[in-house]
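See below for the structure under consideration.
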Amino acid sequence: MATTRIATTNWEGSLLEGAGNVSLDSSGVGKFDVTWASRAEDPNGRTSPEELIAAAHSSCFSMALSHGLAGAGTPPESVQTQASVTFQPGEGITGIVLKVKARVPGISADDFQQAAETAKANCPVSKALAGTTISLEAELLD
């Protein structure tokens, strides 16, 4: 069964001087301020499209990795993923780095690395961002 999620942004003013907010309509969990400065300079308590992409990617990847590991008979105890999305004004999003640390009893380092690479290639957000270079750093914790 397909699902659709909805977010709405209201923006007022020009790019450089304007401001807006994005609301997460489907979940209703919040409304977040956005500005050009929060995107291209310091966040100062506001978000950016890139931070929202990082949130989506880190959660999607964690779910995909957890699912793949469990399906292979080695369910993880924990998976922590940080996604760093780099934005270059005038150029756009120039890359994404996924850094994952996981506790997975009974798995070899090679098998964990392969599972992480598979999750990176196959999570729906990675597929949606296929036009961007996505790097992976995977660490298996004891």
Taking atom types as modelled and ignoring hydrogens, do the side chains of [X] and [Y] form a donor-acceptor contact shorter than 3.5 angstrom?
X      : Y     : value
Ser23  : Asp25 : yes
Ser48  : Glu51 : no
Arg103 : Ser78 : no

Main-chain N/O of [Y] paired to [X] side chain as donor or acceptor, under 3.5 Å:
X      : Y      : result
Ser62  : Ser58  : yes
Thr118 : Gln114 : yes
Ser59  : Ala55  : yes
Thr86  : Thr94  : no

Can you confirm whether [X] sits close enough to [Y] that some side-chain heavy atom of one is under 4.5 Å from a side-chain heavy atom of the other?
X      : Y      : result
Pro75  : Leu69  : no
Arg46  : Thr35  : yes
Lys127 : Val125 : no
Trp36  : Ser14  : no

Which atom of [X] lies closest to which atom of [Y], heavy atoms considered:
X      : Y     : value
His57  : Ala83 : CB-CB, 4.3 Å
Leu24  : Ala7  : CD2-CB, 4.3 Å
Gly106 : Thr74 : O-CG2, 3.9 Å
Cys123 : Ala64 : CB-CB, 3.6 Å

**Q.** CA sep, side-chain torsions, deciding dist, call: Val22, Thr8, side chain to side chain contact (heavy atoms under 4.5 Å, CB included)
**A.** CA-CA 5 Å; Val22 58; Thr8 302; over 6 Å; no
Determine whether [X] and [Y] fall in the same hydrophobic cluster, where Ile, Leu, Val, Met, Phe, Trp and Tyr are linked whenever their side-chain heavy atoms lie under 4.5 Å apart.
X      : Y      : answer
Trp11  : Phe32  : yes
Val97  : Leu129 : no
Val100 : Ile107 : yes
Val34  : Leu16  : no

Q: Establish, yes or no, whether the cationic atom of Arg39 lies under 6.0 Å from the six-membered ring centre of Phe87 and within 45° of the ring axis.
A: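 Here Arg39 passes the 6.0 Å and 45° test against Phe87.
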Taking atom [atom1] of [X] and atom [atom2] of [Y], what is their separation to the nearest 0.5 Å?
X      : Y      : atom1 : atom2 : answer
Lys120 : Cys60  : NZ    : SG    : 13.5 Å
Ser84  : Ile53  : OG    : CD1   : 13.0 Å
Leu140 : Asp110 : CG    : CG    : 10.5 Å
Ser135 : Lys99  : OG    : NZ    : 10.5 Å

(Q) Going by side-chain contact (heavy atoms from CB on, under 4.5 Å), Phe61 matches just one of Leu136, Ile96, Ile134. Which one? (A)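 It is Leu136; the other options fail the test.
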Q: Show your reasoning for whether side chain to side chain contact (heavy atoms under 4.5 Å, CB included) applies to Thr9 and Asn21.
A: CA-CA 6 Å; Thr9 298; Asn21 60 63; over 6 Å; no
Q | Full working for side chain to side chain contact (heavy atoms under 4.5 Å, CB included) between Leu98 and Glu137 | A | CA-CA 6 Å; Leu98 297 172; Glu137 298 174 19; over 6 Å; no
Q.
Around atom CD of Gln80, are there more than 12 heavy atoms from other residues, nucleotides or ligands closer than 6.0 Å?
A.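 No, CD of Gln80 has 12 or fewer neighbouring heavy atoms, counting only those of other groups under 6.0 Å.
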